[in-house]
Undergrad: 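Quick one: this structure, given as structure tokens, is what I'll be asking you about.
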Amino acid sequence: MDDERPRLGWSDLRGARVGVWGLGREGGASLRKLRALGVEPVLVDDSPKTGDEPGILATADGGLDALAACEIVIKTPGISRYSLEADHLRSAGVILAGGLGLWLQEADRNRVVCVTGTKGKSTTSSIIGHLLTGLGYQAMVGGNFGAAPYDPLHAGEYDYWVIEVSSYTATDLASTPPVTAVTSLHPDHLPWHGGVERYYRDKLSACAQPGAELTVANGDSGLIRDRASLLAPKIEWVSQTDEPGATWMAPLGLPGQHNRRNALIARRVLAALGNAAADRDLAGRAADDASLRRAADGFTPLPSRLTTVGTVDGVTFVDDSLSTNVLPTLAALAAFPGRRVALIVGGQDRGIDYAPLAQGVREREDPTLVLTLPDSGPRISAAFTASTASTTVGTAGDQGFAGVTDCPDLDAAVAAGFEWARPDGVVLLSPAAPSFGHFRDYRDRGDQFAAAMRSLDR
């Protein structure tokens with residue numbers, strides 16, 4: 001894989017025959033960048049839409065052949081580099097590249113931090129960017145959930161770039177900045193990567209390409225610790241129990257011990273980032289609790305990430321639609337100690353193992369009802385059924401488990417959760433699955449959850 005990562009920057013594409021494969025958000029940014037360089041690329045998309053750029057070819061209708069005639073193809077992250085179509089292009093001598101990899105190759109990497117992880121990377125990136133801004137620096141937060149740093153629409157003078165790196169874009173990187181962070185690791189995106197171990201290797205490869213010096217890593221994750229050899233030469237492990245009594249992160253307003261660890265990772269990153277850039281002022285401020293507390297003021301949490309959307313008859317409704325994996329769903333549950341929780345889970349089925357979800361829920365001492373949604377609902381229910389055989393009868397953990405109910409849709413799950421959670425419980429949408437197939441995206445799923453809550457209050 002490493003020898004297939006092109007050590008090219010955007011400026012190397014001038015005068016080349018270039019294709020853009022996928023015209024979504026990243027593809028649009030790539031097109032704007034190429035045109036700013038004077039390059040007019042071949043445009044190909046799997047499903048061209050009315051109103052898109054003129055002249056877009058469908059991949060299956062001549063588009064792949066057109067890409068095969070290019071020297072370099074900039075692939076949108078959602079297209080697997082392990083697909084048959086990608087293999088066909090490589091066999092034709094085409095170099096497959098990604099926009100982020102092209103940008104990073106030419107960036108001042110001492111002023112860049114890459115943040116990856118199965119979950120928590122968006123929140124941690126946001127915290128780092130917010131603290132940098134509060135400390136008086138110009139910071140761009142982009143990548144997987146934000147603006148592309150190479151997009152001419154977002155050009156500007158920045159002191160630092162905080163880049164969230166997905167497992168997809170990690171495979172495009174031929175270099176790594178001195179400082180990286182990894183927030184968590186859990187099986188995910190298995191169809192794209194073709195297997196769990198390849199997913200782990202691809203995800204963590206963002207931390208270990210040429211130029212890597214330090215990875216600030218989640219020390220509470222056994223999966224990450226077991227794969228320390230895939231990280232940078234130096235590792236700083238961070239645990240949610242570090243800095244006992246520290247309150248500088250309180251203004252962030254983020255619930256849960258996992259978010260406490262995310263904030264602690266952000267702090268370590270700031271100090272390391274300042275040292276890498278020879279910015280001793282930043283490194284010093286990162287060590288100052290009072291400065292960090294002031295910088296943390298005004299933080300706006302990400303939407304659909306443990307967001308309370310309302311209360312009906314004493315029942316609190318919490319939107320955690322961004323949780324598309326088992327790990328953040330269990331972390332969301334842990335954010336409500338002592339509370340009765342109706343947990344809504346399920347969505348697009350990516351084939352991940354739901355046994356850890358069943359185990360984690362059964363170990364919770366407080367009352368917990370699980371309400372499943374299509375399409376992964378039946379597999380989640382099966383995981384709970386299978387877990388009964390390995391659960392010791394009478395253990396404290398299983399005493400709180402109130403069972404599993406399969407629901408036909410989100411409205412039904414919200415109604416059932418509300419009735420069970422009365423008089424003072426929580427209805428928590430934390431699906432451990434993506435939204436696609438039933439909703440436009442996680443925001444749409446969160447919006448419909450809030451709408452279902454409002455319908456109860458009529």
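A quick note: this is a predicted structure, and the numbers were derived from the prediction, not measured.
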Undergrad: Work out which heavy atom in A148 is nearest to a heavy atom in A29; give both atom names and the distance.
TA: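 That would be CB-CB, 3.9 Å.
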Undergrad: Is it the case that the side chain of R17 and the backbone of V42 share a donor-acceptor pair, with hydrogens and angles ignored and the cut-off at 3.5 Å?
TA: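 Not confirmed, R17 side chain does not pair with V42 backbone.
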Undergrad: Any donor-acceptor pair under 3.5 Å linking the side-chain atoms of H189 with those of Y168?
TA: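 Present: a donor and an acceptor within the cut-off.
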Undergrad: Test T183 against N218 for side-chain hydrogen bond (donor to acceptor under 3.5 Å, both in side chains), laying out the working first.
TA: CA-CA 5 Å; T183 59; N218 174 357; over 6 Å; no
Undergrad: Considering all heavy atoms of both residues, which atom of I265 and which atom of A181 are nearest to each other, and what is their separation?
TA: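 Shortest heavy-atom contact: CG2-CB, 4.0 Å.
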Undergrad: Less than 3.5 Å apart, any donor N or O on the side chain of K119 or T324 sitting next to an acceptor on the other?
TA: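 Note: K119 and T324 side chains meet the donor-acceptor criterion.
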Undergrad: Tell me, do L428 and L306 make a side-chain contact under 4.5 Å, heavy atoms counted?
TA: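 L428 vs L306: side chains touch.
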Undergrad: Give the minimum heavy-atom separation between I95 and P6, together with the two atoms involved.
TA: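 That closest heavy-atom pairing would be CG2-CB, 3.6 Å.
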Undergrad: Nearest 0.5 Å, please: how far is CG in N259 from CD in Q257?
TA: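 Answer for the CD-CG pair, Q257 versus N259, is 9.5 Å.
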Undergrad: Contact between L373 and L410 at the side-chain level, heavy atoms closer than 4.5 Å - yes or no?
TA: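 Yes, close enough: below the 4.5 Å cut-off.
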Undergrad: Check V326 against D353 and note the closest heavy-atom contact, atom names and distance.
TA: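 In terms of heavy atoms, the two residues are closest at CG2-O, 3.9 Å.
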Undergrad: Check whether N325 reaches the backbone of P187 with its side chain - one donor and one acceptor, N or O, closer than 3.5 Å.
TA: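 Pair found, side chain donor or acceptor close to backbone of P187.
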Undergrad: Between D366 and V341, is the side-chain contact (heavy atoms from CB on, under 4.5 Å) condition met? List the steps.
TA: CA-CA 8 Å; D366 303 305; V341 176; over 6 Å; no
Undergrad: Let me know which of Y160, W161, Y158 forms a ring pair (Phe, Tyr, Trp, His ring centres under 6.0 Å) with Y137.
TA: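 Among the candidates, only Y160 passes.
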Undergrad: Atom CD in E53, atom CG in D45: separation rounded to 0.5 Å?
TA: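 Nearest 0.5 Å value for the CD-CG distance: 11.5 Å.
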Undergrad: Would you find a donor on one side and an acceptor on the other, under 3.5 Å apart, between the side chain of S80 and the backbone of W192?
TA: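 Looks like yes, one N/O pair under 3.5 Å.
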Undergrad: For residues I74 and L34, determine if any side-chain heavy atom of one lies less than 4.5 Å from a side-chain heavy atom of the other.
TA: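 Yes, side chains in contact.
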Undergrad: Are L67 and V94 close enough that some pair of their side-chain heavy atoms sits under 4.5 Å apart?
TA: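 Sidechains of V94 and L67: no contact.
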Undergrad: Counting distance only, does the side-chain N/O of N275 pair as donor-acceptor with the main-chain N or O of A271 below 3.5 Å?
TA: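 Indeed, once roles are kept as given, a pair shorter than 3.5 Å links the two residues.
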Undergrad: Does D444 use its side chain to pair, donor to acceptor, with the backbone of F439 at less than 3.5 Å?
TA: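 Side chain of D444 to backbone of F439: no pair is present.
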Undergrad: For the residue pair V112 and W103, establish whether any side-chain heavy-atom pair is separated by less than 4.5 Å.
TA: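 Sidechains of W103 and V112: in contact.
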Undergrad: Please step through side-chain contact (heavy atoms from CB on, under 4.5 Å) for the pair L254 and N262, ending with a clear verdict.
TA: CA-CA 10 Å; L254 294 170; N262 289 336; over 6 Å; no
Undergrad: What pair of heavy atoms forms the shortest contact from M249 to A263, and how long is it?
TA: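 Minimum heavy-atom separation between M249 and A263: CB-CB, 3.9 Å.
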Undergrad: For the backbone of S239 and the side chain of D242, can you confirm whether one donor and one acceptor N or O come within less than 3.5 Å of each other?
TA: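 Yes; judged by distance alone, with no hydrogens or angles, the pair exists.
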Undergrad: Can you confirm whether more than 12 heavy atoms, excluding those of R35, are under 6.0 Å from its CZ atom?
TA: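 Correct, the count exceeds 12.
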Undergrad: Flag the pair L185 / L204 as yes when at least one side-chain heavy-atom distance between them is below 4.5 Å, and no otherwise.
TA: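 Yes, at least one pair of side-chain atoms sits under 4.5 Å.
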Undergrad: How long is the gap from CH2 on W10 to CG on L37, to the nearest 0.5 Å?
TA: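 One gets 7.5 Å once the value is rounded to the nearest 0.5 Å.
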Undergrad: Less than 4.0 Å between a side-chain N and a carboxylate O, is that true for R350 and D188?
TA: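 Judged by the 4.0 Å cut-off on N to carboxylate O distance, D188 and R350 do form a salt bridge.
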Undergrad: Applying side-chain hydrogen bond (donor to acceptor under 3.5 Å, both in side chains), run through S435 and D441 and close with a yes or a no.
TA: CA-CA 6 Å; S435 58; D441 52 26; 5.7 Å; no
Undergrad: Say whether S381 and D406, considering side chains only, have a donor N or O and an acceptor N or O under 3.5 Å apart.
TA: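 Side chains of S381 and D406: pair found under 3.5 Å.
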Undergrad: Looking at R5, Q105, E106, which hits side chain to side chain donor-acceptor pair (under 3.5 Å) with S175?
TA: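 Of all the options given, the one that passes is Q105.
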Undergrad: Apply side-chain contact (heavy atoms from CB on, under 4.5 Å) to the pair L31 and L43, showing each step before the final yes or no.
TA: CA-CA 9 Å; L31 177 58; L43 302 179; 3.9 Å; yes
Undergrad: I'd like to know if the side chain of T116 reaches the main chain of V165, judged simply by a donor and an acceptor atom lying under 3.5 Å from each other, with no hydrogens or angles considered.
TA: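 Side chain of T116 to backbone of V165: a pair is present.
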Undergrad: Report yes or no: is the cationic atom of R198 (NZ for Lys, CZ for Arg) closer than 6.0 Å to the six-membered ring centre of Y82, at no more than 45° off its axis?
TA: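 Yes - R198 lies over the ring of Y82, closer than 6.0 Å to its centre and within 45° of its axis.
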Undergrad: Going by heavy atoms in the side chains, are S30 and Y150 under 4.5 Å from each other?
TA: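 Heavy-atom side-chain distance check passes, below 4.5 Å.
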Undergrad: Does the R362 side chain pair with the main chain of F384, one donor and one acceptor, at a distance under 3.5 Å?
TA: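 At least one qualifying donor-acceptor pair exists.
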Undergrad: Is there side-chain contact between D220 and H258, with at least one heavy-atom pair below 4.5 Å?
TA: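 No - every pair of side-chain heavy atoms lies 4.5 Å or more apart.
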Undergrad: Are R305 and D320 close enough for a salt bridge, meaning some N to O gap below 4.0 Å?
TA: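 Salt bridge: yes.
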Undergrad: Please report the interatomic distance CD1(I344) to CG(L369), rounded to the nearest 0.5 Å.
TA: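 Reported value, rounded in 0.5 Å steps: 9.5 Å.
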Undergrad: Without swapping roles, check the side chain of D12 against the backbone of G9 for a donor-acceptor pair under 3.5 Å.
TA: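 Confirmed, D12 side chain pairs with G9 backbone.
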Undergrad: Of all heavy-atom pairs between Q209 and L173, which one has the smallest distance, and what is that distance?
TA: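 Closest pair (atom of Q209, atom of L173, distance): CG-O, 3.4 Å.
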Undergrad: Please check if any side-chain donor atom of T59 sits under 3.5 Å from a side-chain acceptor atom of E85, or the reverse.
TA: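 There is no such pair (donor and acceptor under 3.5 Å, judged by atom type) between the side chains of T59 and E85.
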Undergrad: Can a salt bridge be assigned to the pair E243 and R268 using a cut-off of 4.0 Å between side-chain N and carboxylate O?
TA: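 Salt bridge flag = no for R268 with E243.
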Undergrad: Strictly distance-based, threshold 3.5 Å: is any side-chain N or O of D159 a donor or acceptor partner for the main-chain N or O of Q138?
TA: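 Indeed, once roles are kept as given, a pair shorter than 3.5 Å links the two residues.
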Undergrad: Where do I352 and H186 land on the side-chain contact (heavy atoms from CB on, under 4.5 Å) test, with the steps shown first?
TA: CA-CA 9 Å; I352 65 173; H186 196 81; 5.6 Å; no
